[in-house]
Structures are given as structure tokens and as C-alpha cells.
Amino acid sequence: MRILRALTYDIVLVFVFAAVGRLAHGEDLSLLGATAWPFLMATIVGSLVSSWRRGTWWVQALTAWLITTIGGTLLRLVSGGTVAPAFIGMTAAVLALFLIGWRALLRKQL
């Protein structure tokens, strides 16, 4: 998998994740960056680690997803954000759909 493609897709999808979350809670998108930054930082690391890692597409997908989910949640927590169990569950589910999903769809090209 090309590193730049993975990084681009992951960053775009993390922005979509943050935007959908803000809109679902009736918030405007003016603070999208403030909401998205923990997961953007984690997805940059997750995308790079998964792209450098040898293995099948699903090993790369799981690596990117785990690093993004755990890292983003921890960064959100230490920066004073809330991380209720429902938030963690929804975050894990949506990021799995997004970060594993696009890799599954393009697996023959990876």
C-alpha cells in the first residue's frame, strides 16, 4: 500500500468522523479541528506504522484502527476531553468501519 494514499484516506475519514460526531450532537463545524486533533495525530501515527508494517491488508487495517482508536482516545482524555464508555464504543465502531472498510474495499489493489 502506498503510504501517501493510506495517510490521505485515513485523515479524510477522521475528519468525516469528527464532523459527523459534532453534527450528531447539534454542534457546528467551527471547532472541527479542536474536536478532530487527537484522532488526527493518532491516525498519522497509525497510518504510517501500518504502511511500514509488512503483512496482509487486514493486519495493516487492524494496526491503523487500533493505534488511531486507542491513541486518539488517550489524547482526548489527557487534553481534558470526555471519554464516556458510549463515546469509546461509538468511536471504535465508526473508526473500524472507516479505517478497515476502505482497506477492505481496495484490498486487491494493495
Side-chain angles (χ1 to χ4, degrees):
M1 172 182 350
R2 292 203 157 79
I3 293 173
L4 185 57
R5 178 175 64 176
L7 188 58
T8 301
Y9 287 174
D10 288 346
I11 287 172
V12 167
L13 289 169
V14 166
F15 267 116
V16 171
F17 158 73
V20 168
R22 289 193 61 81
L23 292 172
H25 291 282
E27 299 171 354
D28 64 28
L29 297 180
S30 64
L31 294 176
L32 180 60
T35 300
W37 82 263
F39 294 95
L40 287 172
M41 296 299 104
T43 201
I44 290 168
V45 173
S47 292
L48 293 175
V49 169
S50 71
S51 294
W52 289 326
R53 186 173 181 170
R54 299 273 186 229
T56 60
W57 72 267
W58 59 268
V59 170
Q60 293 177 344
L62 287 175
T63 301
W65 171 68
L66 284 171
I67 291 172
T68 300
T69 302
I70 294 168
T73 301
L74 289 174
L75 285 172
R76 182 178 167 103
L77 179 64
V78 299
S79 68
T82 59
V83 289
F87 172 82
I88 295 170
M90 184 58 67
T91 296
V94 172
L95 289 176
L97 175 67
F98 284 176
L99 302 182
I100 297 171
W102 79 258
R103 288 171 172 86
L105 291 173
L106 297 179
R107 70 184 174 270
K108 294 183 190 222
Q109 298 176 14
L110 301 179

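Note: hydrogens, waters and symmetry copies are ignored here, and every other heavy atom, side chains too, is used.
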TODO: State plainly whether one hydrophobic cluster holds both Ile67 and Ile44, where clusters connect Ile, Leu, Val, Met, Phe, Trp and Tyr through side-chain heavy atoms under 4.5 angstrom apart.
DONE: no
Open item on the list: Applying a strict under-4.5 Å side-chain criterion to I, L, V, M, F, W and Y, I'd like to know whether Leu66 and Trp52 cluster together.
Closed with: yes
- [ ] Kindly indicate, with the supporting measurements, whether the criterion side-chain contact (heavy atoms from CB on, under 4.5 Å) is fulfilled by Leu29 and Thr35.
- [x] CA-CA 9 Å; Leu29 297 180; Thr35 300; over 6 Å; no
TODO: Please name the pair of heavy atoms, one in Leu7 and one in Thr43, separated by the smallest distance, quoted to 0.1 Å.
DONE: CD1-O, 4.5 Å
Open item on the list: Is there a path of hydrophobic side-chain contacts, each under 4.5 Å between heavy atoms, that joins Leu106 and Trp57?
Closed with: yes
- [ ] Tell me whether Val94 is reachable from Leu97 by hopping between hydrophobic residues (I, L, V, M, F, W, Y) whose side-chain heavy atoms are closer than 4.5 Å.
- [x] yes
TODO: Check each of Trp65, Phe39, Phe98 against Phe17 using the ring-ring contact (aromatic ring centres under 6.0 Å, His included) test, and report the only one that passes.
DONE: Phe39
Open item on the list: Are Arg103 and Asp10 packed together at the side-chain level, in the sense that at least one heavy-atom pair is separated by less than 4.5 angstrom?
Closed with: yes
Open item on the list: How close do Ser79 and Arg76 get, counting heavy atoms only, and between which atoms?
Closed with: OG-O, 3.0 Å
TODO: Please report the closest heavy-atom contact between Arg22 and Asp28, naming both atoms and the distance.
DONE: NE-O, 2.7 Å
TODO: Would you indicate whether the side-chain heavy atoms of Val83 and Leu74 approach each other to under 4.5 Å?
DONE: no
TODO: Give the C-alpha distance, both sets of side-chain angles, the deciding distance and a yes or no for side-chain contact (heavy atoms from CB on, under 4.5 Å) between Trp102 and Leu13.
DONE: CA-CA 9 Å; Trp102 79 258; Leu13 289 169; 3.5 Å; yes
Task: Working for side-chain contact (heavy atoms from CB on, under 4.5 Å), residues Ile11 and Val14 - done: CA-CA 5 Å; Ile11 287 172; Val14 166; 5.8 Å; no
Open item on the list: Would you say Val49 ends up clustered with Leu99 if hydrophobic residues are merged whenever their side chains have heavy atoms under 4.5 Å apart, either directly or through other cluster members?
Closed with: no
TODO: Find out whether Ile70 and Thr73 are in side-chain contact, i.e. whether some heavy atom of one side chain is under 4.5 Å from a heavy atom of the other.
DONE: no
TODO: Would you confirm whether Ser50, through its side chain, and Ser47, through its main-chain N or O, come within 3.5 Å as a donor-acceptor pair?
DONE: yes
